[in-house]
Visitor: 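What follows is a structure written as C-alpha cells; I'll ask about it next.
Position 1 is the first residue of the sequence; numbering continues from there. This structure is a prediction, so every number in the text was calculated from the model and none was measured.
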Amino acid sequence: MLDLRSINQNRFTRAKRLWTVANSCRVAAFLVGAIAALLPRPPLYIACVVFAFAVAAELFQWRSDVEKSGSEALLRKLDLCRSFNMEITEADKRDIVWELPRALRKRFTESQVPDTYFTSSEPSGPRKAIENLVESAWYTRQQSKLMLRVWIGLICVAVVFAFTALIVASIEVSSVTARASIGKVVTAWLLLIFSLGAIRHPWNYYKLLERSERSYTTGSHLLRGEVTEADAIKQWYEYQIGRASSPLLPDWLWKRNQADLNDAWRLTSST
C-alpha cells in the first residue's frame with residue numbers, strides 16, 4: 001500500500017527545495033554583478049556568468065512550479081477522500097507511482113498506512129469534511145500570517161539598507177567613479193527585491209490569509225447547523241483554488257511553529 005500523504009509531502013519538499021535553489025541563483029547573479037560593478041575592469045565572461053545564473057533560476061523556478069502544481073492536485077484528492085471516505089482510483093495511483101523515482105518508491109510502501117492528517121473523529125461525510133476544512137484553513141491562516149510578516153520585515157530591511165548605502169556613499173565617498181559603482185550596486189539590490197518576488201509574494205500571502213480566514217469563518221458557521229454535501233464540496237473547492245494559486249509555505253516555518261500550532265489546536269478543539 002502506498003503512503004500517499006508521505007509521497008505528497010515529499011513532492012512539496014522537492015518543490016520548496018527547487019524554489020530555494022532558484023532564488024539562490026538569483027542572489028548569485030546579483031552578487032556576481034555587484035562584484036563586477038565594483039571592479040575597474042571586470043572580465044568579459046562576467047556577463048555570461050550572470051546570464052547563466054539567470055537562466056538556471058528560471059529553469060529551477062519552472063520545475064518548482066510543476067512540482068507544486070502536481071502536489072496541490074494530489075492534496076486536493078487526498079483531502080476530499082479523507083473527508084468523504086473515498087479511495088483514490090488505481091489510475092491516479094499509477095500516475096503517482098510513474099512520476100516517482102524507483103529509489104523513492106520503497107520508502108513510501110507499507111503494509112498499513114493510517115491517515116492521521118486530520119484530527120476530526122466524526123464519521124465520514126459532510127460534517128467531517130467541514131471540520132477538516134476548518135482545521136486546514138486555521139493552520140494555513142496562521143502560517144500565511146507569519147510569512148506575510150516575514151516578507152514585510154525583509155522588504156523594510158532591504159529598502160533601509162539601500163537608502164543607507166546611498167546616503168553614506170554621498171557623504172563619505174568623494175570619488176565620482178566609486179559613487180557610480182555604489183549606485184549600480186544599490187540599483188541591482190533593489191532589482192533583486194523584485195526578482196525574488198518581494199512585492200508579489202506578500203500580496204499573495206495576504207490573499208491566502210484572506211481566503212483561509214473566510215473558509216475558517218464560513219466552516220465554523222456551517223458546523224453550528226446541518227451540513228449538506230453541496231456546502232462541504234463548495235467550501236473545499238473555493239479553499240483549494242485559493243491555496244493552489246498561493247506561494248509555497250517554507251518547511252522551516254512549519255518546523256519552527258509546528259509544536260505551538262499543534263498545541264494551540266489541541267487545547268482549543270473538542271474534536
Visitor: For E131, is there an ion pair with K128 - N to carboxylate O distance below 4.0 angstrom?
Guide: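 Looking at E131 together with K128, the answer is no, because their closest N to O distance does not fall below 4.0 Å.
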
Visitor: Measuring from R256:CZ to L146:CG, what's the distance to the nearest 0.5 Å?
Guide: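 R256 atom CZ to L146 atom CG measures 8.0 Å (nearest 0.5 Å).
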
Visitor: Search all heavy atoms of A57 against all heavy atoms of C25 and return the closest pair with its distance.
Guide: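 Smallest interatomic distance, heavy atoms only, reads CB-CB, 3.8 Å.
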
Visitor: Rounded to the nearest 0.5 Å, how far apart are OH of Y205 and CG of L248?
Guide: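 Going from OH on Y205 over to CG on L248, the span is 7.0 Å.
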
Visitor: Answer whether the closest heavy-atom distance between the side chains of L80 and Q240 falls below 4.5 Å.
Guide: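 Yes, at least one pair of side-chain atoms sits under 4.5 Å.
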
Visitor: Nearest 0.5 angstrom please: Q142 CD to L261 CG, how far?
Guide: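 Answer rounded to 0.5 Å: 6.5 Å.
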
Visitor: Atom CG of L209 and atom NZ of K207: how far apart are they, to the nearest 0.5 Å?
Guide: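 Nearest 0.5 Å value for the CG-NZ distance: 10.5 Å.
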
Visitor: For residues L222 and V227, report the shortest heavy-atom separation together with the two atoms involved.
Guide: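 Answer, listing the atom of L222 first, then V227: O-CG2, 3.4 Å.
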
Visitor: Determine the minimum heavy-atom distance between P202 and L148, stating which atoms define it.
Guide: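 Taking every non-hydrogen atom into account, O-CD1, 3.3 Å.
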
Visitor: Are any non-hydrogen side-chain atoms of P247 and R200 less than 4.5 angstrom apart?
Guide: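 Side-chain contact under 4.5 Å: no.
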
Visitor: Enter the distance from L249:CG to R243:CZ here, rounded to the nearest 0.5 Å.
Guide: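 Answer for the CG-CZ pair, L249 versus R243, is 10.0 Å.
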
Visitor: Show every side-chain hydrogen bond (donor to acceptor under 3.5 Å, both in side chains) that has at least one partner inside residues 64-75, sequence neighbours left out.
Guide: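 Sorted result for residues 64-75: R11-E67, R14-E67, Q61-D65, R63-E67.
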
Visitor: Test of understanding: with side chain to side chain contact (heavy atoms under 4.5 Å, CB included), list the residues that count as partners of R17, not counting sequence neighbours.
Guide: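 Listed in chain order: T13.
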
Visitor: If you compare all heavy atoms of R127 against all heavy atoms of G225, which two are closest, and at what distance to 0.1 Å?
Guide: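 Minimum heavy-atom contact is NH2-O, 2.5 Å.
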
Visitor: Looking at side-chain heavy atoms only, is the closest gap between S220 and V134 below 4.5 Å?
Guide: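 In short, these two side chains touch, coming nearer than 4.5 Å.
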
Visitor: Please report the shortest heavy-atom distance between A29 and V50, naming the atom on each side.
Guide: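 Closest heavy-atom pair between A29 and V50: O-CG2, 4.0 Å.
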
Visitor: Judged by atom type as modelled, is there a donor-acceptor pair below 3.5 Å linking the side chain of D263 to the main-chain atoms of A259?
Guide: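 Between the backbone of A259 and the side chain of D263 there is no qualifying donor-acceptor contact (under 3.5 Å).
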
Visitor: Roughly how far, to the nearest 0.5 Å, is the CD atom of E213 from the OH atom of Y206?
Guide: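 Those atoms lie 10.5 Å apart.
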
Visitor: Would you please classify the geometry between the W236 ring and the Y239 ring as parallel, tilted or perpendicular, with 30° and 60° separating the classes?
Guide: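 Y239 and W236: perpendicular rings.
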
